[in-house]
Amino acid sequence: MKNVNKLPENFQDFEEARREGFLTIKELKDRGKNIVGTFCTYTPKELIYAAGAVPVSLCSVSEETIPAAEKHLPKNLCPLIKASYGYALTDKCPYMYFSDMIVAETTCDGKKKMYELLGELKDTHIMQLPQNQEKERGLELWKAEVTRLKEKLEKKFNVSISKEEISKAISQVNKERILLKEFYSLGKLTPPPLSGYEMHNVLNGVSYTFDKDLQNQKIREIIKNLKEIDRAKSSKVSVKAPRILITGCPIGGVAEKIIKPIEEAGAVVVTFENCGGAKNLERLVDETIDPIQALAERYISIPCSVMSPNADREVLLKRLIDEYQVDGVVELILQACHTYSVETHKIKRVVTKERNIPYMSLETDYSTGDTGQIKTRIEAFIEML
Ligand code: BJ8
């Protein structure tokens, strides 16, 4: 049990990372560091590191700034988009405030149109993301966009980015990915040595941890402790807990509303097939080829619903269901997210017909109005597993 006691300290560091990061980002700024705000998993952050700047995820997960955003944006729009824009309008996100520029991508319609407005408030570089991942149709265009981002960073920060610097950044970020994958892969254990909520907090916290060497060291300690918990068979998760995979839209803004009731109902979230989890971290950047080509290939391959077709999402989903011995899939749809919402039909088919396990889709926003209703639906779903 000694090792169980060691855990909260480590986990807490990541739970509090977003708030703690506010101070760190100011210190970095005071020390003359350039800061680049990002919104999406498609941003090749290695280029930002190679420019000597610091990438940071911008705030997008609270309903606090949505009323302000709705003065310019339609009400019937994804809460993530409204919250992101609201933070820029109200200057309530320290990460946005200290960002020298923002990198954004033409992903879904709502986001790309919001970015046009955001560009009136902040220097916003928009990468034109092709929506087809085939080599001839998408990759070449995307590679040109990766190069254009490199040029923008060089001009903005008055630096020259060498191939060596990009390769170094690729290797560093790959190291971080490998370690995070080792961490979340512990969800494969029966029972997992940690809850899905704790896993989410760590994966979310790393976006706001700027000392990556220290982060890697802490993740290594967490992995070691979790393995000891497994060896000692002292996990607080029941061996009988139904194992849940979460898929769909980014979950940061509704983690309390979705993950907590799943686990309070006696199940455990063992893996996340979303941008906070496997979708973002599974694939490494190839370190053996030209770095710009490698970045272009890796980032365009992210299986987000904005891609058409998006067959790789189904491939990843099926693999995760098998590897993590998943008993049920919960899909999160943020209100008015058309791309994920339309894909639910195929995802449900894959889960229920090809893997023969139950599936449930939950559509929600950042408000707390439907908390009770969602809890009831989740409880009914878990009971049936
Ligand atoms: S790579 S998931 S972070 S686009 S939920 S804003 S799609 S309407 S967030 Fe995303 Fe990049 Fe894809 Fe990931 Fe639009 Fe849907 Fe809202 Fe979304």
Side-chain angles (χ1 to χ4, degrees), residues 37-45 55-63 65-66 69-70 73-88 102-118 124 126-133 138 142 145 149 177 200 203-204 206-207 246-255 257-258 272-283 295-296 298-310 312-314 316-317 331-344 347 361-367:
T38 68
F39 281 114
C40 180
T41 311
Y42 281 108
T43 310
K45 57 184 176 185
V56 62
S57 293
L58 297 172
C59 312
S60 61
V61 297
S62 155
E63 67 169 337
T65 62
I66 288 183
E70 285 177 346
L73 298 172
K75 280 195 166 40
N76 185 25
L77 187 68
C78 162
L80 192 152
I81 302 173
K82 287 192 287 189
S84 308
Y85 182 67
Y87 272 112
I102 291 170
V103 178
E105 297 78 16
T106 54
T107 51
C108 62
D109 285 353
K111 255 188 180 174
K112 70 186 176 203
K113 297 309 286 182
M114 179 275 278
Y115 291 148
E116 290 175 16
L117 297 175
L118 187 64
T124 304
I126 298 179
M127 299 182 79
Q128 298 291 325
L129 177 74
Q131 315 228 309
N132 182 285
Q133 295 155 314
W142 181 237
E145 286 299 293
L149 173 63
R177 287 188 186 108
H200 162 78
L203 293 172
N204 187 46
V206 296
S207 303
I246 290 186
T247 183
C249 298
I251 201 167
V254 293
K257 201 155 68 168
I258 307 287
F272 295 89
E273 190 279 304
N274 59 20
C275 272
K279 190 206 280 182
N280 177 23
L281 294 164
E282 286 283 298
R283 184 167 167 171
L295 287 175
R298 189 270 175 191
Y299 279 92
I300 204 172
S301 72
I302 294 168
C304 172
S305 63
V306 297
M307 289 294 165
S308 178
N310 186 29
D312 284 351
R313 181 173 175 210
E314 294 173 29
L316 176 61
L317 188 65
E331 173 150 37
L332 163 68
I333 303 296
L334 290 177
Q335 186 196 54
C337 175
H338 298 317
T339 54
Y340 275 101
S341 183
V342 172
E343 272 193 10
T344 57
I347 296 301
S361 160
L362 293 168
E363 183 169 349
T364 189
D365 61 12
Y366 288 178
S367 71

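Start at 1 and go down the list; that is how both ligands and their atoms are numbered.
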List ligand 1 atoms under 4.0 Å from Y42, heavy atoms only on the residue side.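 Answer, ordered by atom number: 1 (S).
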Residue T41 vicinity, atoms of ligand 1 by number, heavy atom under 4.0 Å: 1 (S), 3 (S), 11 (Fe), 13 (Fe)
Just to verify, what does E343 make a salt bridge (charged side-chain N to carboxylate O under 4.0 Å, His left out) with, not counting sequence neighbours?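 If we apply the salt bridge (charged side-chain N to carboxylate O under 4.0 Å, His left out) test to E343, skipping adjacent residues, the hits are R313.
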Can you find a heavy atom in the side chain of [X] that is under 4.5 Å from one in the side chain of [Y]?
| X | Y | result |
| --- | --- | --- |
| K45 | T38 | no |
| P309 | N132 | yes |
| S62 | Y87 | yes |

To the nearest 0.1 Å, how far is atom 11 (Fe) of ligand 1 from its closest protein heavy atom, and which atom is that?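 Residue, atom and distance for the closest contact: C40 SG, 2.2 Å.
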Atom 13 (Fe) of ligand 1: nearest protein contact (heavy atom, Å):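 Protein heavy atom at minimum distance: C275 SG, 2.2 Å.
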Taking N, O or S atoms only and a limit of 2.8 Å, check whether C304 reaches atom 12 (Fe) of ligand 1.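 Checking C304: at least one N, O or S atom is under 2.8 Å.
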Give the ring-plane orientation class for F272 versus H200, where under 30° counts as parallel, over 60° as perpendicular and anything between as tilted.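 F272 vs H200 ring planes: tilted.
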Below 4.0 angstrom, N of the basic side chain to O of the carboxylate: do E273 and K279 qualify? no
Residue list, side-chain hydrogen bond (donor to acceptor under 3.5 Å, both in side chains) with D109, at least two apart or on another chain: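 Expected list: K112.
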At less than 2.8 Å, how many protein N/O/S atoms surround atom 15 (Fe) of ligand 1? Leave waters out.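 Excluding waters, the total comes to 1.
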Do you see a protein non-hydrogen atom under 4.0 Å from atom 6 (S) of ligand 1? yes
Backbone of T106 reached by a side-chain donor or acceptor of Q131 within 3.5 Å: yes
Tell me, please, which residues at least two apart from C59 pass disulfide bond (SG atoms under 2.5 Å apart). C93
